[in-house]
Asks: 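Structure incoming, see below.
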Amino acid sequence: MSAETPAKKNYKDTVRLPKTDFPMKADLVTREPLRLAKWEAGGLYQRIMKQAAGRPKFVLHDGPPFANGDVHMGTALNKVLKDLIVKSKTMAGFHAPFIPGWDCHGLPIEFKVVKEAKDLAPAEVRTRSEAYARKFIDIQRQSFKRLGVFGDWENPYLTLAPTYEADIMRTFAKFLEKGLVYRAKRPVLWSYGAQTALAEAEVEYKEKTSPAIFVTFALVNPPPGLDGANLVIWTTTPWTLPANLGIALHPGFDYICGTFTHAASGRSLKLVIATSRLEAFQAATGFVLDPTHAPEKFKGSLLNGGAAQHPFLPRRSKIIEALFVTDDTGTGAVHMAPGHGADDYIAGKEHGLKILSPVDDAGCFTAECGLPEFVGQHVFKSNEGIIAILEGKGALLGNEKYVHQYPHCWRSKTPIIFRAVPQFFIRIAAFRDEALKAIDTVNWLPAWGRNRIYGTVESRPDWCISRQRTWGVPLPIFYDAEGQAIMDHTISLKVADAVETHGTNLWFEKDDAFWSDLVGLPEGSKRCKDTLDVWIDSGSSSVAVLDRHPELYCPADVYIEGTDQHRGWFQSSLMVSVAVRGIAPYKTVITNGFVVDTSGKKISKSDQGTDKAAKPMTADHYYNKYGGDMVRLWAASVDYQNDVPFSEELFQQTGESYRRIRNTFRVLLGNLHDEEKGKEKNPVDPANSVILSKQAADLPLIDRWILERLHSVLIDCLAGYAAYDFRKVVSTITQFVSGDLSALYIDITKDRLYCDAADNPRRRATQATIREITETLTKLLAPILAYTADETWEFLGHSDSVHLEAFPQPNSTFASTEATAAVEELLKARAVIQQAIEAARQAKKIGSNLEATVKLTLPEAGFTNPVFQDLPTLQEFFILSDLHITRGSELAASVEVCTHPKCERCWKLLPDVGTHDAHPTLCGRCAEAVG
RNA sequence: GGGCAUGUAGCUCAGUUGGUUAGAGCACCGCCUUGAUAAGGCGGGGGUCACUGGUUCGAGUCCAGUCCUGCCCA
């Protein structure tokens with residue numbers, strides 16, 4: 001062992017390397033739950049609220065997620081965005097309470113419950129549905145808390161709470177009072193097997209063979225050239241013909257009218273067919289267009305408003321035009337039975353057709369069908385008889401077997417029918433204009449959201465608010481002995497009061513006599529069996545939550561949900577609020593896009609458990625594997641106003657940013673290990689700045705520069721938060737950390753921090769600067785990295801949570817950009833120097849920068865900043881041992897191997913190494929520092 | 001089919017009122033460092049700015065049309 005070795009070791013011990021217990025490895029998965037437990041035990045959310053009491057308020061109203069299933073990444077994104085807003089508003093000086101909520105009623109839950117156990121009594125369905133909802137509320141609440149979302153988690157609002165349900169009924173009563181509710185028939189999916197209305201989700205598609213027939217309708221008073229002509233319709237449901245009230249043509253399609261002859265029978269008829277369907281029609285029926293006479297040609301719009309004779313009933317069918325008419329099947333003329341089809345209903349309503357639905361609960365014809373011999377007979381059994389009538393009347397042109405996918409009841413397995421039943425509606429037209437005006441009082445982010453909702457409100461039909469379901473809020477309506485609905489809001493209010501104390505189960509548990517007596521109606525009155533559309537539930541939250549909670553108010557400052565809510569919650573909330581109080585329930589509405597997979601396809605909850613389950617999409621997978629802060633950083637990094645592409649690989653990219661930020665914090669903290677006494681405990685002064693103006697003048701250029709940069713970062717981040725642009729905050733900080741701190745400031749100041757004497761003023765200035773930077777960044781990141789920022793804050797020597805802090809205010813001392821201007825010139829020179837050094841390095845002439853002698857040539861013009869006459873600062877900035885400056889034609893740098901001896905301590909190659917007897921292997925600065 | 005969006009490097013995104021050679025992060029390649037070390041630094045490759053046409057001295061940016069993808073409808 002040589003005598004040199006111990007000396008080397010000694011010098012290494014004199015180097016002030018960073019020292020911190022702040023771990024490089026975040027280990028978020030184990031550490032975060034501990035911090036969360038500490039927050040909860042200390043009542044952090046309540047303390048934040050208490051501290052903020054009296055400040056200006058900011059109310060973000062939580063749109064209630066459905067209490068069904070685990071937290072999907074899309075749900076996590078939305079909830080974290082809400083939390084970013086609430087936390088950043090809190091730190092910006094607002095009192096921002098967050099009351100989370102859940103949407104608890106509705107078909108998906110009822111569907112699951114009923115699927116598990118069939119034939120349950122309504123009260124039992126409701127008990128089980130509530131238990132189901134509560135189970136998932138707990139699961140989701142745990143996830144949201146684990147994600148670091150702050151809020152009043154022990155007192156959320158639930159749409160199944162009796163008080164909430166009572167408010168839903170009161171909202172409905174308000175609609176009644178204003179005369180906005182009416183009852184009318186409308187087609188629904190009906191299972192005659194289960195004798196109930198079904199929802200889309202309860203329908204399964206199976207193969208079914210139906211008769212497909214072509215039927216003639218003779219034109220009445222046709223335009224010239226079409227005398228004696230017949231429209232031909234095609235249908236697979238002959239039983240709906242008794243309810244036929246119209247025929248739809250496409251206004252833009254080409255139709256022909258010509259003479260058709262049946263080869264076998266020799267029968268001849270004048271028929272109207274869409275040109276594009278001619279060939280298929282001829283093949284199917286055997287009726288062939290007479291080639292000797294040119295057919296009439298016209299657009300579908302020609303016949304609009306005309307009429308055709310019903311083939312076997314004494315009435316006419318109105319001819320209307322409709323864009324949903326297709327030319328892929330049929331004849332281009334569509335049989336319309338508004339009581340038996342959704343399209344038919346809508347088009348029929350537009351054109352003033354009646355709703356005829358002569359079918360009872362069991363699927364049998366009623367007297368209304370106009371065919372006495374069919375009354376009481378099941379519709380599917382009547383197809384043949386109706387076809388026989390058509391044949392007898394000569395109206396049947398063809399009859400085939402047709403195999404198609406047809407909806408069936410998931411329970412009784414019977415084919416479903418469309419059948420019109422009485423429903424309750426809200427008359428939108430009565431307050432549509434008011435709603436449209438309210439839309440323009442709202443700030444929509446992004447701005448196109450305004451047009452989106454305006455369009456839907458403008459074109460939406462009346463709101464069908466009744467459902468033939470069990471798991472929901474009952475319509476507080478009664479029928480009199482004649483079956484007429486009693487539309488009296490005072491009665492509904494009485495029901496609401498009863499429900500407020502006893503819950504809506506009472507409606508299902510008690511009988512009609514009890515209820516009639518309670519609300520003061522005569523014996524024989526019956527209560528309505530329907531429930532309210534769940535969009536009334538959540539749409540009433542401005543009444544049931546914002547108006548009720550003393551710490552909230554309406555209109556709320558912000559609603560933020562996925563884009564699908566323009567037609568959903570944003571709209572239902574708007575309509576309810578406008579109807580009830582005449583204004584929008586929100587001042588600003590923000591939308592976030594959907595989480596989609598990397599091929600741009602939507603990832604829905606229903607894909608869970610299928611083949612796609614290979615790609616986990618639930619939030620717990622991510623916070624259990626990577627940590628809650630990682631999910632938060634991801635949410636803050638994405639462009640949430642558009643759809644958000646997602647995959648685990650993509651998610652891991654945010655891990656890189658996280659590591660970068662964390663490692664930088666670690667170095668910064670490590671370099672504060674021997675901070676001047678008092679600094680580490682320095683209470684935040686009123687200006688929120690550690691560096692006082694009077695010190696600023698003495699700061700070295702590089703420190704002044706980084707503080708100027710920090711000043712601009714701070715301003716950009718505050719603006720980013722104010723604009724809800726979290727991505728901007730993240731990218732600003734990431735670029736500052738990576739580009740300015742890591743690559744430049746820390747690299748450059750290492751030499752002072754490690755090798756200068758402990759109390760050297762420029763070393764102390766650097767430490768003060770580092771504290772200023774670290775405190776500022778920690779606060780700026782606190783809304784996003786809720787856990788990590790809190791951890792960092794602790795390591796900065798603070799005893800309480802960073803979440804009780806406010807954002808720093810910009811320190812005007814660093815608003816100027818003199819140092820920044822100087823550094824910009826320095827960086828141009830640096831780029832040239834680095835390229836020259838890199839060439840020498842690749843040529844194996846040198847290794848580290850410190851082994852180079854650099855000759856920098858500056859152009860005659862420019863580079864006039866005084867710093868270019870300050871060789872020590874230039875050497876420090878470029879991290880060089882040996883630099884020579886000359887002026888020449890253009891900016892250039894050349895590199896040679898430096899010949900000075902190497903200082904054992906600071907590793908620079910300097911001429912004064914060896915000039916100190918006490919330390920023959922050190923440079924002057926190091927010899928002095930070691931003493 | 002309609003309404004509203006969207007389309008810039010392998011991936012995710014910036015690109016201000018049209019104006020030099022279109023930027024960043026991640027990924028990738030090469031080198032250095034081993035005193036931020038399960039880290040850090042330097043250099044580098046990579047884009048017909050979806051497509052077509054137009055306005056203009058000049059278009060990623062403005063106009064028209066087409067296509068892709070998403071949401072909401074039909």
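Chain naming here is simple, since letters A, B, ... match the order of the sequence lines and numbering starts at 1 in each. Below, all heavy atoms of this structure are taken into account, side chains as well, without hydrogens, waters or symmetry copies. Remember, it's a predicted structure, so these values are computed and weren't measured experimentally.
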Asks: Quick one: is the NZ or CZ of A/R450 closer than 6.0 Å to the six-membered ring centre of A/Y454, and within 45° of its axis?
Replies: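 Relative to the ring axis of A/Y454, which defines the angle, A/R450 lies inside both limits.
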Asks: Are any protein N/O atoms closer than 3.5 Å to N/O atoms in nucleotides 29-32 of chain B? If there are, list each pair with its distance.
Replies:
{"unit_1": "B/G30", "atom_1": "N2", "unit_2": "A/E838", "atom_2": "OE2", "d": "3.0"}
{"unit_1": "B/C31", "atom_1": "O3'", "unit_2": "A/K844", "atom_2": "NZ", "d": "2.9"}
{"unit_1": "B/C32", "atom_1": "OP1", "unit_2": "A/K844", "atom_2": "NZ", "d": "2.8"}
{"unit_1": "B/C32", "atom_1": "O2'", "unit_2": "A/G847", "atom_2": "O", "d": "3.3"}

Asks: What nucleic acid atoms does A/R905 come within less than 4.0 Å of, heavy atoms only: base, sugar-phosphate, or nothing?
Replies: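 It contacts base atoms.
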Asks: Side chain to side chain donor-acceptor pair (under 3.5 Å), that's the test. Do A/D674 and A/Q767 meet it? Break it down for me.
Replies: CA-CA 9 Å; A/D674 66 339; A/Q767 283 182 320; 2.7 Å; yes
Asks: A/E838 vs A/Q842, test: side chain to side chain donor-acceptor pair (under 3.5 Å). Steps then yes/no.
Replies: CA-CA 6 Å; A/E838 187 59 27; A/Q842 298 281 349; 2.7 Å; yes
Asks: Would you say A/Y754 places a side-chain N or O within less than 4.0 Å of OP1 or OP2 belonging to B/A36?
Replies: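 Answer yes for this pair, as a side-chain N or O of A/Y754 is under 4.0 Å from OP1 or OP2.
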Asks: Any donor and acceptor pair, going by atom type alone, linking the side chain of A/R762 with main-chain N or O of A/D756 inside 3.5 Å?
Replies: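 Judged by distance alone, no pair lies under 3.5 Å.
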Asks: By the 4.0 Å heavy-atom rule, please label A/D564 as base, sugar-phosphate, or nothing.
Replies: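 Result for A/D564 = sugar-phosphate.
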Asks: It should be established whether A/K750 places a side-chain nitrogen or oxygen under 4.0 Å from OP1 or OP2 of nucleotide B/A36.
Replies: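 So the side-chain polar atoms of A/K750 do come within 4.0 Å of the phosphate oxygens OP1 or OP2 of B/A36, strictly under.
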Asks: Could you measure between the two P atoms, the one in B/A22 and the one in B/G30, and give it in whole Å?
Replies: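 Rounded to whole Å, the distance is 28 Å.
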Asks: Do the side chain of A/T456 and the main chain of A/I453 share a donor and acceptor less than 3.5 angstrom apart?
Replies: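 Flag set: sc A/T456 to bb A/I453 pair under 3.5 Å.
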Asks: What about A/R727, does its side chain sit under 3.5 Å from the base of B/C13 through a donor-acceptor pair?
Replies: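 Checked by distance alone, the answer is no.
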Asks: CG of A/D747 versus C1' of B/G41: gap in Å, rounded?
Replies: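 In whole Å, B/G41 C1' and A/D747 CG are 6 Å from each other.
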Asks: Check every strand shown and say whether A/R567 touches a base, only sugar-phosphate, or nothing at a heavy-atom separation below 4.0 Å.
Replies: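 The answer is sugar-phosphate, as A/R567 gets under 4.0 Å only of primed atoms, P, OP1 or OP2.
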Asks: Planes under 30° and centres closer than 5.5 Å, is that true for A/F594 with the base of B/G70?
Replies: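 Not stacked: fails the 5.5 Å / 30° test.
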Asks: Quick one: is the NZ or CZ of A/R632 closer than 6.0 Å to the six-membered ring centre of A/Y658, and within 45° of its axis?
Replies: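 Judged by the rule, A/R632 and A/Y658 form no cation-pi pair.
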Asks: Does a side-chain N or O of A/R450 approach OP1 or OP2 of B/C4 to a distance below 4.0 Å, or not?
Replies: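 For B/C4, neither OP1 nor OP2 has a side-chain N or O of A/R450 closer than 4.0 Å.
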Asks: May I ask you to decide if the ring planes of A/F795 and A/F22 are parallel, tilted or perpendicular, using 30° and 60° as cut-offs?
Replies: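 Perpendicular: the ring planes of A/F795 and A/F22 meet at over 60°.
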Asks: With RNA chain B as reference, determine whether A/V638 or A/T563 sits nearer its 5' end, using the nearest nucleotide of each.
Replies: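 Nearest nucleotide further toward 5': that of A/V638.
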Asks: Quick one: label A/T654 by what it contacts on the DNA or RNA (base, sugar-phosphate, nothing), any heavy atom closer than 4.0 Å.
Replies: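 Answer is nothing: A/T654 stays at 4.0 Å or more from every strand.
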Asks: With a cut-off of less than 4.0 Å, is there a side-chain N or O of A/K25 near OP1 or OP2 of B/A38?
Replies: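 For B/A38, neither OP1 nor OP2 has a side-chain N or O of A/K25 closer than 4.0 Å.
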Asks: Using heavy-atom distances to pick each residue's nearest nucleotide on RNA chain B, tell me which of A/S637 and A/L17 is more 5'.
Replies: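 Of the two residues, A/S637 wins.
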Asks: Are A/W634 and A/F646 near enough that their ring centres are under 6.0 Å apart?
Replies: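 So the answer is yes for these two rings.
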Asks: With distance as the sole test, does A/R905 use its side chain to make a donor-acceptor pair with the main-chain N or O of A/C755 at under 3.5 Å?
Replies: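 Yes.
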Asks: Where do N or O atoms of nucleotides 20-27 of chain B meet protein N or O atoms at under 3.5 Å, pair by pair?
Replies:
{"unit_1": "B/A24", "atom_1": "O2'", "unit_2": "A/Q735", "atom_2": "NE2", "d": "3.1"}

Asks: Note every stem involving RNA chain B: at least three consecutive Watson-Crick or G-U wobble pairs, i with j then i+1 with j-1, with both distances under 3.5 Å.
Replies: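 Stem segments, range with range: B:1-5 with B:69-73, B:10-13 with B:23-26, B:28-32 with B:40-44, B:50-54 with B:62-66.
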